[in-house]
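Here the structure comes first, spelled out in structure tokens, and everything after it is commentary.
Residue numbering restarts at 1 for every chain, and letters A, B, ... go by the order of the sequence lines. Because the structure is a prediction, the values reported are computed rather than measured.
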Amino acid sequence: MINKVITKGEFEKFISGIIDANETIGPKQVDTDRDGKPVYQFRQVKSFGEMDLDYTITYSSVKNFFLPFREELSRFDFSEKDWDQTVEYRVNPRAIIGVRPCDINALNILDKVLIGGAYPSPYYLARRRNTFLVGMDHEPLEDCFCESLGQDTVHRGFNLFCEDIGDKYYLTIMSSKAFRFLENVKVTDPTKEDDIKFHERRKRLRDMFKTKVEMTGLQSVMDIEFKSPVWKKWGDKCLNCGSCAMVCPTCYCYGIEENIDVGLKSSRKERVQYSCNLVDFAEVAGGHNFRPLKEDRLKYRYYHHYRGFAQNGDEPICVGCNRCGRACLAGINPKDVINELQLES
Amino acid sequence: MKVNMNIDVHHLTRVEGHGNIHVVVKDGELIDAKWAVVETPRFFEAMLRGRPHELAPTLTSRICGICSIGHTLASLRAVERAMGVDIPDDAKMLRLLAKHGETLQSHLLHVFFLAAPDFLGVDSVIPLIESHPDVVGLAVRLKGLANDMCDIIAGRTTHPVSLVVGGVNKVPTKKELETLKQRIQDRLADVATTVEVFKTLSLPDFVRETEFVSLKGENSYPWIGGDLVSTDGVVKPEDDYRAMTNEYKVDWTTSKFAKLSRESFAAGALARFNNNYKFLCDAAKQTAEVLGLAPVNHNPYMNNVAQIIECQHVMIESIEMIDKLLANGFKDIRSDYTPKAGKGVGAVEVPRGILYHEYEIDDHGKIAKANCIIPTTQNNANIHYDLAELVKQQVKLGKSDKEVELLCEMLVRAYDPCISCSVH
Amino acid sequence: MDYKVPKQDINTDPLLSKSPDFNRKSAVMKTDKVYKCEIINIVELTEFEKLFRLKIADRTERELFDFRPGQFAMLEVPGFGEVPLSITSSANNKEYIELCVRKAGRTTEVLHQARLGTKLGLRGPFGTSFPMEEMAGCNILLIAGGLGLAPLRAPIYWASENRNQFKEVHVLYGTKEPAQMLFTYQYGEWEKVNNIKLHTIVEKGDSDWKGRTGLITELFDEVTIDPQNTYVIVCGPPVMFKFVCHHLNGEGIPMNRMFVSLERRMHCGMGKCCRCMVGSTFTCVDGPVFDYWSVLNLKEAI
Amino acid sequence: MEYLGIEPKKARIGVFDFTCCEGCELQLANKEDSLVDFLALVEVVNFREVSSDRGQDYDIALIEGSISREDEVERLKQIREKAKILVTLGTCACFGGVNSIKNRFDIDDVVSEVYGKNKVETLPVRKVSDIVKVDLAIPGCPVSKSEVERIVVNLVTGAAVNLPKYPVCVECKQKGNTCVVDLGEICLGPVTRAGCDAACPTGKTGCLGCRGAAEDANFDSLREILREKGHSDEAIDERLRFYNAFSEELKNEG
Ligand SMILES: Cc1cc2nc3c(=O)[nH]c(=O)nc-3n(C[C@H](O)[C@H](O)[C@H](O)COP(=O)(O)OP(=O)(O)OC[C@H]3O[C@@H](n4cnc5c(N)ncnc54)[C@H](O)[C@@H]3O)c2cc1C
Ligand code: SF4
Ligand code: SF4
Ligand code: SF4
């Protein structure tokens, strides 16, 4: 890890250079909401100006550039009495600019799940390794609670991280590639003053958090409160629409679909993003559903998120971005559900 | 030799909806020639009563699967005129673009998939896939473009989703528009090939003088709203559409008939061409010349040719509009309004002729009364009288009943009737 | 532009320390690449179940496919889907593997139409297995309901092939009707050649049925259990093993000597898709074989 | 498919339209890039809209439209007798569709509103399954060509056909849309079966539920949410009843 400082003007030139040479994805205003406030999404950008690096939060997370909603895992080409399988997981290199700490932490969690374990996913790995990630800090929103989960700062899983210290960015360079990219760019070593500004900025951001979620002992609380009436209360409201999982940066559960092409000469096996909230997630042949009730399914998502599953070392996988809470029409959000559970116990 | 004929085409194929042709010739004399629509009526006007005005376009688009964008636009115009809603210019242009997409897609469907098999002597387009792969390929490409055009602008080709009261809901991206423009430009070559193909075909030579009714162009070839005009010199404002159509009921068909200065009149591509030739772009005028069409033409089979000319015209006009839209960068696409009571008419040139919607809206913004007049309804009488004249002429020429039957079918198809529409 | 940033090349950045080598042969099934195999025999066991014998085409791959009783494989029917199936042949057999398939849905229905010589894809083996070595010197009680006999066939082979390592071996097997009994043609061999005691029962007999009728738990009166010296494997519908395990627990068999094989929906077999989660446990990598104590600890397991 | 010993049999298809706009059958000629392959899969033996050829021996009958006249009932029954598989194509055939709005009025009044004193024969609108057994339902107003393609491929190759059980929101989120409920509209996406690729919300218009109810859909919760956002029950019901696609579910609603 090496720290440098770059002026904002110089930074723009640097990023423009990246955009020129690579497919680049950045935060972009795509719409306005009912109150006239901008709605942001990560989209491909062709120039620095198209991005809005001061964005509040993107509606969906950056996850889908690593785990696309629909992704071909392999294809079969049929010949007369036989078939051939092709598995392709190479992707073109690209850059993603302006990713917030919580979102990078979410990628780090996905790394554990999808690259760790006995069966690493080459599809995810290829995308992850070929993405040049430029992170950036920001002022938390009213309902962000990443701080409660310790996910408001990030220490790894990116190439370059920028912290705003006025007219300059305080850079954390995390990879040799980032270092090499910066070779012809005017960057300086941080001065004493820069360091002070850096610490002030961090402190200021930390003090801004308004939403607190009580995480103490949550794992055992979740186990004990498996039959709590809290689940029924929220389950009755839940639409089981999967919106939360689709926008969440860490929800990765999926399904496999196999379809024959219209010409009947080939077929595709695809991974499709799913959600444990959806009605048939745990349904088996013959129609038996292991989670028949809305509350079962809702509970399951919370269980996965806050109790954690073996694959990621039983840690919570939520990063506290509250995208799910914002997307949920029924007003179900982690803060209320968890704080209520904590009260129960 | 005295000719006897008994032609009974029950459910004419390759048209939208259910219609029958019935011809009786006895001893060389025409006894009976009928065009009867037997589609099941659906009572849209009745269903509209009590519906919130914002759902009227969604509901009426289901009158017809082919010209659903046309119905949506006529309905929107009626609602907007009833409540005095002005829509932004960019929205107008986007709506017209969607309209052009539909015109293109409908005309192509008719020319290639429904009418062409007749000219090439086959039952349907399916055998053409093998016998005329290049023609089918071209048709499929052009139709793909038309569909995508509707999808991009209106959200969906059949039953659009982003055309709403006050304007449009969604703007295409710059990139989408740029690609679309490029694709239209590329496909113009296919239109040229189509013209080449049509040059070699000979359309039946049949003339029955009639009156042609369409919207009246002011500065450009007319599509949405404005005065109404006929080749017999009648001009009326949009709101007087009833005086232009004079609907009446006949007892052998579920669809109504219409008339103006004569026993019948025609609407559609040929009518628009006859009334508004001067507003066509130069390239389209040239095509008209190449294909031997000049105003005022009274051969109903030439409707197919007029359709090809219109395809070319709308493609070129679309390119111009996309340029304008790109330059404007569309800021304003939807106006706010407060629902209020009122009455309004919307007249729109859909592929088969003028479509009228008229609504009365109550204080709660609900439809109190509705009336829709569909182009095919306006054309029914003309088809009916054409059939009689056609049979008379062909019997004189000594044609066999098989030949006459085919010519009759082709005649009806030439109007591209949209029958389920006509009994909405 | 003032600055030229080099175009990135593929896979050069050591951003992630761990980089598995997917080109190694042994890692093949860690991606979605399948072993190609051929159907070399089909036995119609019942109206709904068929036994497929599959031979992996490539020799090296065949040798690599090394499984233990209780493990499962993902069988790919190109174009239609992939299904988890317990391997039902002997773990000792390096020539071919056998899978017993019930016609249950989209993929399995198509699979039932397959003929000799059909090429399919195989991934695996996956999951945990029964601790056969640990059972040496003890009695084994294998209890199956319906299709549950399929996963038990591999341990039965194991017990037969190493018969002198074990004391008494009992198979308790129950189905709804006699026509649903699987592998009937092997019963004689099991009893006579391998000295395995087979006890069967059906819920509803027919005119030809001479055996017992009733629920599987009734078969317990036929065996005397030495709780300190017995291992149990149970496979069948959840309701069944709930009763069976409860009963045996009462008999004093330690929970960590009773094993069950769980069935859940599975899409990947690799602990990723989460379809097979029970509580916070993956059926595919932490299971499908669990001891009874673990099952009791899994929320919503039964 | 030969590798499996399955010989894909061309589907002998008859397309029959009843009371409807014929927009669904029009979709069959859509999706230009795969049209030629699609037509190779099927043998169209009866399809009045695009062909003059009228065969009678079809295996699969695609039924479009709802039933609103006595002669239609008879025709439908005859088709059922001939067809091995009867498929309802589109919302009208599956649920009655917009035509069902007619049933809210008095029939005589409806006729006189449109036809004055003339008599026109008509019955209350019914869905196909009210009259004959339906083997497979493909909802949508209009149907989605990709879904039709997938289903036809499945029919031809003998694989089971499944429609998504989850609601439209899943696809809507995947499209990256801004939720139109958040924008102040009524959207039935949360209770409607997915499969349309969220066509309406992607066009920034609320879903009207043309594909019918998603499995175990939470109508009560959606109603509560919409009420809280200031929509009247009347406006919500107007939409829930638009296609008649929730008639069963609404019956059970408390
Ligand atoms: C560890 C394990 C071992 C199994 N062993 C056998 C066996 O030896 N013999 C046998 O006949 N069956 C076995 N099954 C069940 C078998 O996998 C299902 O019957 C089969 O997946 C049904 O697939 P389908 O495509 O025909 O049905 P569909 O319902 O159309 O399947 C759709 C999808 O659901 C999944 N699925 C459906 N039902 C089940 C189920 N009950 N369990 C898990 N996934 C399901 C499939 O993976 C498939 O992708 C086993 C299941 C598991 C988990
Ligand atoms: S707050 Fe919600 S969306 Fe964000 S990581 Fe946690 S569960 Fe996912
Ligand atoms: S717009 Fe409709 S379908 Fe989309 S997320 Fe919102 S409620 Fe769901
Ligand atoms: S969004 Fe709703 S109304 Fe629109 S097509 Fe889909 S299901 Fe039908």
Nearest heavy atoms of [X] and [Y], plus distance in Å:
X: A:Thr32; Y: D:Leu183; answer: O-CD2, 3.5 Å
X: D:Gly176; Y: A:Arg43; answer: O-NH2, 3.6 Å
X: D:Ser221; Y: A:Leu239; answer: OG-CD2, 3.9 Å
X: A:Glu283; Y: D:Glu215; answer: OE1-OE1, 4.4 Å
X: D:Tyr166; Y: A:Val279; answer: N-CG1, 4.4 Å

Side-chain donor or acceptor of A:Asn240 paired with backbone N/O of D:Ala217 under 3.5 Å: no
Pairwise side-chain contact, [X] with [Y], heavy-atom cut-off 4.5 Å (strictly under):
X: A:Leu329; Y: D:Pro190; result: yes
X: A:Arg34; Y: D:Asp182; result: no
X: D:Glu224; Y: A:Asp236; result: no
X: D:Lys173; Y: A:Tyr59; result: yes

Per-residue contact mode, A:Tyr274 against chain D (heavy atom under 4.5 angstrom): side chain
For A:Val247, is it the side chain, the backbone, both or neither that has a heavy atom under 4.5 Å from a heavy atom of chain D? side chain
When the 4.5 angstrom heavy-atom criterion is applied to D:Glu149 and chain A, the contacting part is side chain
Tell me, for D:Leu222 versus chain A, whether the close heavy atoms (under 4.5 Å) come from the side chain, the backbone, both or neither. both
